[in-house]
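Order of listing sets the numbers, starting from 1, for every ligand and every atom in it. Values below: all heavy atoms of this structure, side chains included; hydrogens, waters and symmetry mates excluded. Numbering of residues begins at 1 and proceeds along the displayed sequence.
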Amino acid sequence: MTKTIRTVLAFVAGVLSCAVAMSAELVPTSKSALIVVDVQNCFVEGGSLAVKDGLAVVPIINRIAPRFANIVVTQDWHTPDHASFASSHPGKKPFETTRMPYGEQVLWPDHCVQGTEGAALVKDLDLPTAQLIIRKGFHRDVDSYSAFEEADHKTSTGLAAYLKARGIDTVYVVGLATDFCVAWTALDARKAGFRTVLIEDATRAIDLNGSLAASKAAMKKAGVTTITSDALVGKD
Ligand code: VGL
Ligand code: ZN
């Protein structure tokens, strides 16, 4: 064997073992949790804050869920007069913004009101092994896109402590919407010290004034790994 061939072989072996190590690193373990964000009627086709093609995430989430020993589901869960609703601000229209004590707030159509059909999980979501449903956004004056922390950046939902108490070190995030609740959840997961993986094809975005590109850049900067579901379950 010439030296050149040996060098080439060593390089190929290096690349291969690196690829294997990378994919092994992505396989969920007993210390991984799937966080299924806000797959609720209000955010899918026919809902009051419908995310384009939102229902498409449901079969993908159903397919990957059996790979996870730990599953947490979230629900956006607002009071009827919630401060994030345009209807609570006379003269304001949905998708305009206002200043709240904690910063700029997008004003949304009324959505996900506690106990209503809109706030219910999408019927076809099939997660019989999910262990925790965390509800957020239930304080009238504070929004909560993130499953970890309310928009005041002070009030905890308790999720980080729950996951840590259960020995979780890695979270995989899916659901709606990519650029709001999914992204804020992924960013706060990094802040709380979890390895964080976004399963991109199991999310859909609202994309308001460039919010999708901005959220992707922020997640990349924060060290969120992005994959597609075929890395976990293979292609159909
Ligand atoms: C969400 C806007 C308002 C979301 C929730 O789930 O992404 N977006 N409330
Ligand atoms: Zn909301």
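- Scanning all heavy atoms of the two residues, the minimum distance from Asp188 to Ser146 falls at OD2-OG, 2.7 Å.
- Residues Phe85 and His111 place their aromatic rings such that the two centres sit under 6.0 Å apart.
- Taking both residues in full, the closest heavy atoms of Val44 and Ala50 are given as O-CB, 3.4 Å, listed atom of the first, atom of the second, then distance.
- Residues Phe95 and Asn209 have side chains not in contact (no heavy-atom distance under 4.5 Å, counting atoms from C-beta outward).
- Screening Lys136, His82, Gln40 for a side chain to side chain donor-acceptor pair (under 3.5 Å) involving Asp76 leaves a single residue, Lys136.
- Listed by chain and number, Asp76 OD2, His78 NE2, His111 NE2 are the protein N/O/S atoms closer than 2.8 Å to the Zn ion (ligand 2), with waters left out.
- Put simply, the side chain of Phe180 does not reach to within 4.5 Å of the side chain of Phe43, judged on heavy atoms.
- If you look at ligand 1, the protein residues with a non-hydrogen atom under 4.0 Å away are Asp38, Phe43, Leu49, Asp76, Trp108, His111, Tyr145, Leu176, Ala177, Phe180, Cys181, Ile206.
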- [ ] Please assess Phe68 against Leu232 for the test side-chain contact (heavy atoms from CB on, under 4.5 Å), listing each intermediate value before the final yes or no.
- [x] CA-CA 10 Å; Phe68 289 88; Leu232 303 181; 4.1 Å; yes

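- Judged by the 6.0 Å distance and 45° axis criteria, Lys164 is positioned over the aromatic ring of Phe194.
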TODO: Determine, step by step, whether Thr228 and Asp201 satisfy the side chain to side chain donor-acceptor pair (under 3.5 Å) criterion, reporting the C-alpha distance in whole Å, the side-chain angles of both residues, the deciding distance to 0.1 Å, and the verdict.
DONE: CA-CA 6 Å; Thr228 52; Asp201 57 324; 4.9 Å; no

